[in-house]
Amino acid sequence: MTSAHPLLDHLNDAQREAVSAPQGNLLVLAGAGSGKTRVLVHRIAWMIEQEHLSPYSILAVTFTNKAAREMRTRLDAILSLSSRGMWVGTFHSIAHRLLRTHWHDAKLIEHFQIIDADDQLRLIKRLLKDHGIDDEKFPPRQVVNFIAGCKEEGLRPPQIDTAGDPYLHQMVELYALYQNACELSGLVDFAELLLRSLELLRDNPALLEHYQERFSHILVDEFQDTNTLQYLWLKLLAGERARLTVVGDDDQSIYGWRGAKVENLERFRDEFESTKVIRLERNYRSTEAILEAANALIRNNTGRMGKELWTDIGQGDKISVYAGFNDLDEARFIVDTLSRTVKEEGLSRSDVAILYRSNAQSRVLEEALIRASVPYRIYGGHRFYERLEIKNALSYLRLMVTRNDDAALERVINVPARGIGSKSVERLRAHARDEGMTLWDAIHDAIAKKTVSGRAANALTDFVNLIDELDNETSGLPLDELIDHVLSKTGLIEFHRAEPGEKGQARVENLEELVSAARAFAQGQTGVRGLDPFEPEGEAAGEATLEQFLADASLDAGEQQADEYEDAVQMMTLHSAKGLEFPLVFIAGVEEGLFPHKMSAEEPGRLEEERRLCYVGITRAMKKLYLTYAEMRRLHGKETYQRPSRFIRELPAGLVDEVRLRGQVSRPMAERSSSGYRAQKPASGLSRQTEAEGAGMTLSLGQRVRHPMFGEGVIVNAEGQGDRARVQVSFEDHGDKWLVLGFAKLEAL
DNA sequence: AACAATGTGGTTTTT
DNA sequence: CCACATTGTT
C-alpha cells in the first residue's frame, strides 16, 4: 500500500489514524504490545513535518526517565530536524525545570534540593521524636504516605477538613510541621515538585500565559498512571488552547495504591473538548493463545473502557500451568524448564523472564538458579543513588551547595565518626528548633554562644570548616575531580573501605562508580541547554554544575546495573515488568494470598488491580508462558498450604495445559476430605502410606505401572529419595506425568 | 561508640 | 526464616 506520507508507512489503520488525527484532543487506548511508543513518536514527527509545527511548541510527558530518553532517541532518528527546543521529560523533571527557572516566583530558595522517600522518612521520624508524638499511633511510614497523598490531591494543610477527627488533626499538624522544616532547609519532595509548580503557574498569570502560549501541543504517555495532581497540572498548563494527545491503557493500571487514578482516562475524555478516542487492539507481540488468555482474564474486571487484543501471529503453545509440590519444587521446575528451552530453542538467557508478585519470592528462585549455574539478573531492590555510601557522598555534595540542607547534614555530621555523637546532635536540634534556624546555623550559633562543651565545639568547628574548605577547594574543578576530592578529603572512601567483608569492597567500588557517573554526566551535559527565554542566563550552556548533577541523581535513580554484559535470565516483580517483553515468561507463585496478594484480596477495587497486574504479566510473554504455583510454601518461616490463584481458574480451560495436575501427586485422596485445600498438614496417615506404597515399588526405569486414574504407563524418569521421590510416568492415554511416589497410588505390573 | 541481644513485622515503588 | 530497628552491654 502506498501512503500519503512516509511517516505513515508500516503502520496499521488504527495507528495511522492516531498518528495523523487532525489537531484536537486525542485519547489513544493502546493495548499491550500495540505499538504505542511508535504511535506517539510518529505523531510528534507528523506534527512537525506535516503540520509544520515548531518542536519548540511541543511538550511530551512520560513517567520514567527511560521512557523519556527512548522517545527522544527515536524522535531524533526519524526527524529531519533536531528535536532541540522540544520538552521531553518526566512529570517530575519538567516540574523541576519550571521551579529551577522560576524559583523566586515559586517562593523557593535558589539552590533548593530534592529529597527522596528515605530522607522524608528520616525527617518525619525526627519530627515525631522532637514533638513527643507516639510513633506507634503515628507510624512514620503512614505519615509520609498521608502527606504525599494530600499533596497528590493538591491539598495544603489549611484546606484539609479534619471534621473534628483528632487523628486526622494530628496528621495535618505533622504535614504542616514537615512542610515548615522543608521550607527552612530548602527541601522539596517529589510530590512537592508537582504541587509547587502547579501553584507557581496558578498564582502567576503572566507565567502561565507564557507557557500556555508556548506549549500548543502536549502529549502524555501512560496516562492511566497519572494522579489527581498530575491531571490538574496538565489541565492548567493546557488551558483553553492546547491540544492534548494522551496514550494509556486502563487494563494496565497497576499503581492505584500509589495514587494513580485510572479514572483520569475517562475524565480526560469527558472534560477535554471533543476528544477523539482511538483503540489500538492489534498486538504485535504475543501468540493468540496468550492474548486470548489475557483477554479472558481481564474480562472479569468491571468498568473497563473496553478493548480486546488480537493478533495474526498464530495460535502458539498453550499456557502451561505447573503445580509445584512446594516452593523448592516450583523453582526447580522453572530452572529445569528454562534451561532446557534455552538449549532446545536456541534462546538467549535474556529472552527469559521470571516474574513474581513480591521481591521475597526471588530468593528460592535465585538459589535454584545458582545451583544450576544459570546466570541471572535481578531488577529492583536498591538503586544506585539510593545506596547508603552514595547517599553519604551526595549529602556532602548537597551541603556544599546548600548549607541549610538539614537532611544532608544529619546524615553525614558524624560519618565518618568525628566525635559528634547523638547527644551533641540532639542538643543542636533542640537549639535549632528553639531558635527556628537550620542545623548549620545552629552549629555556628551554639559555638558562638558556647552552649556546647569544648570538645564538641572543636569537632563541630572542624566539621563546618571541612564543608567550607571543600566548597572553596573545588570551585572550578570538573565534576568528577570535584567528587573525587570530596570522597578522599571527607574520609568516606577510607570509612567504607574499612567495613567488614565484601561489603566494604563493594561500597568503595560504588563510590568510584559515582565519580565515573559524574564524568559521564559532565560529558553528556555540555551545551544541551539554552533556547528558553525564561531560562536563567549565564550558566545555561557550558560545564555541568554540581547542582545539575545532584538534581539528576535525585530525579533519576539510575538504572540497575550489574553484569550488564553477561547474558542472563531476567528476574523482576510484575510491576517492574510493565513495558517489557520476553519470548519466554514464567510467572511464579500464582497462589491465593500471594497473587492476588492477601492485602488486596478483600477490596473489590484492589482485587481488580491485582488482576490487571496479572494481565500485565501475561501480556509480557511473546511465545510461551508458564504459570507456576506451589502447594506448600515456606512463608515467614513456616510451611503453609497454598491454593492456586483464582486467576488460573479464570483462564479458558482450552488454553491451559496442566503440566502436572494439582492434587494428583501431592496428597492422598483421603486427606482431601475435610476443608478443601486448607486441609490440615498430612500427619500420621502420610508416613504409613508412604511405607506401604514404597515397599511394594521397585523403582526402575522402564518399569510398567498402573495408576487408578491414568491407567497403565511406563516409568521414564525418576528423581529424589524417600517420600519425596518422584517418577515420571509415560501413560498410554494421558501423556507424561510426574508423580510423587509417596502419594500416588501406583501399582507395579 | 561499637557490638551483641532482642524484638518486630514482612506487597507492589516509574519520580 | 530473615532483614531491620531498637535496646542493652562492654
Side-chain angles (χ1 to χ4, degrees), chain A residues 61-70 89-96 114-118 120-122 125 129 135-136 139-141 144-145 148 151-152 188-194 221-222 224-227 229-230 252-260 327 355-364 367 379-383 385-386 414-424 498-500 551-560 572-580 589 593-601 606 609-610 612-614 616-617 633-640:
Chain A
V61 194
T62 64
F63 273 85
T64 66
N65 291 291
K66 195 173 151 204
R69 280 191 291 264
E70 188 184 343
T90 64
F91 276 103
H92 295 269
S93 70
I94 290 163
H96 174 249
I114 300 164
I115 55 169
D116 64 12
D118 187 50
Q120 246 180 313
L121 196 66
R122 287 160 153 267
K125 280 182 181 166
K129 200 169 252 174
D135 62 358
E136 306 237 306
R141 275 242 91 82
V144 170
N145 288 338
K151 290 186 177 181
E152 277 160 14
V188 171
D189 62 46
F190 288 129
E192 185 73 19
L193 284 170
L194 290 163
D221 195 12
E222 305 276 19
Q224 77 283 350
D225 290 335
T226 51
N227 60 36
L229 181 54
Q230 287 158 339
Q252 291 191 72
S253 161
I254 56 175
Y255 286 107
W257 52 276
R258 264 187 53 167
D327 46 352
L355 311 179
Y356 34 80
R357 175 68 237 265
S358 55
N359 290 117
Q361 287 170 255
S362 71
R363 201 186 191 92
V364 197
E367 282 164 3
Y379 286 78
H382 280 228
R383 287 148 186 282
Y385 289 117
E386 284 168 4
N414 201 33
V415 176
R418 54 172 67 86
I420 306 174
S422 50
K423 262 203 345 229
S424 303
E499 286 185 80
D552 196 69
S554 302
L555 292 173
D556 187 357
E559 268 293 276
Q560 201 64 35
M572 67 194 87
T573 63
L574 288 147
H575 282 89
S576 353
K578 195 172 75 156
L580 305 176
L594 253 190
F595 191 27
H597 196 274
K598 60 176 179 298
M599 306 296 284
S600 304
R606 305 188 67 185
E609 183 155 306
E610 295 277 314
R612 292 194 291 269
L613 190 56
C614 189
V616 166
R633 177 181 297 276
R634 234 188 147 75
L635 269 177
H636 309 318
K638 58 177 193 279
E639 305 263 281
T640 35

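Note that the structure is predicted; figures quoted are calculated from it, not measured. Every chain is numbered from 1, with letters handed out A, B, ... down the list of sequences.
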Can you tell me how far [atom2] of [N] sits from [atom1] of [X], to the nearest Å?
X: A:Asn145; N: B:dT12; atom1: CG; atom2: P; result: 14 Å
X: A:Gln252; N: B:dT12; atom1: CD; atom2: C1'; result: 16 Å
X: A:Met572; N: B:dT14; atom1: CE; atom2: C1'; result: 14 Å
X: A:Trp257; N: B:dT11; atom1: CH2; atom2: C1'; result: 8 Å
X: A:Asp552; N: B:dT15; atom1: CG; atom2: P; result: 11 Å

Check your understanding: So A:His92 and A:Phe190, would you call those rings parallel, tilted or perpendicular, with 30° and 60° as cut-offs?
Key -> perpendicular

Check your understanding: May A:His597 be described as stacking on the base of B:dT11, applying a 5.5 Å centroid limit and a 30° limit on plane angle?
Key -> yes

Exercise for review: Give a yes/no verdict on base stacking between B:dT13 and A:Tyr255: centres under 5.5 Å, planes within less than 30° of parallel.
Suggested key: no

Closest to side chain of [X], choosing from [options]:
X: A:Arg383; options: B:dT15, B:dG10, B:dT11; value: B:dT15
X: A:Asp225; options: B:dT11, B:dT15, B:dT14; value: B:dT14
X: A:His575; options: B:dT15, B:dT11, B:dT13; value: B:dT13
X: A:Glu610; options: B:dT11, B:dT12, B:dT14; value: B:dT11
X: A:Phe190; options: B:dT15, B:dA2, B:dT13; value: B:dT15
X: A:Arg357; options: B:dA2, B:dT12, B:dT15; value: B:dT12

So, OP1 or OP2 of [N]: does either fall under 4.0 Å of a side-chain N or O from [X]?
X: A:Asn359; N: B:dT13; value: yes
X: A:Asn65; N: B:dT15; value: yes
X: A:Thr62; N: B:dT14; value: no
X: A:Thr90; N: B:dT14; value: no

Check your understanding: Checking all strands, does A:Gly419 fall into the base, sugar-phosphate, or nothing category for heavy-atom contacts under 4.0 angstrom?
Key -> sugar-phosphate

Exercise for review: Please state the C1' separation for the pair B:dT11 and C:dT6 - nearest whole angstrom.
Suggested key: 24 Å

Point to revise | DNA chain C: 5'-most and 3'-most nucleotides touching chain A, 4.0 angstrom heavy-atom criterion | key: C:dC1 to C:dA3

Exercise for review: State whether A:Asp225 and A:Lys578 are salt-bridged, where the test is any N-O pair (Lys NZ or Arg NE/NH1/NH2 against Asp/Glu carboxylate O) under 4.0 Å.
Suggested key: yes

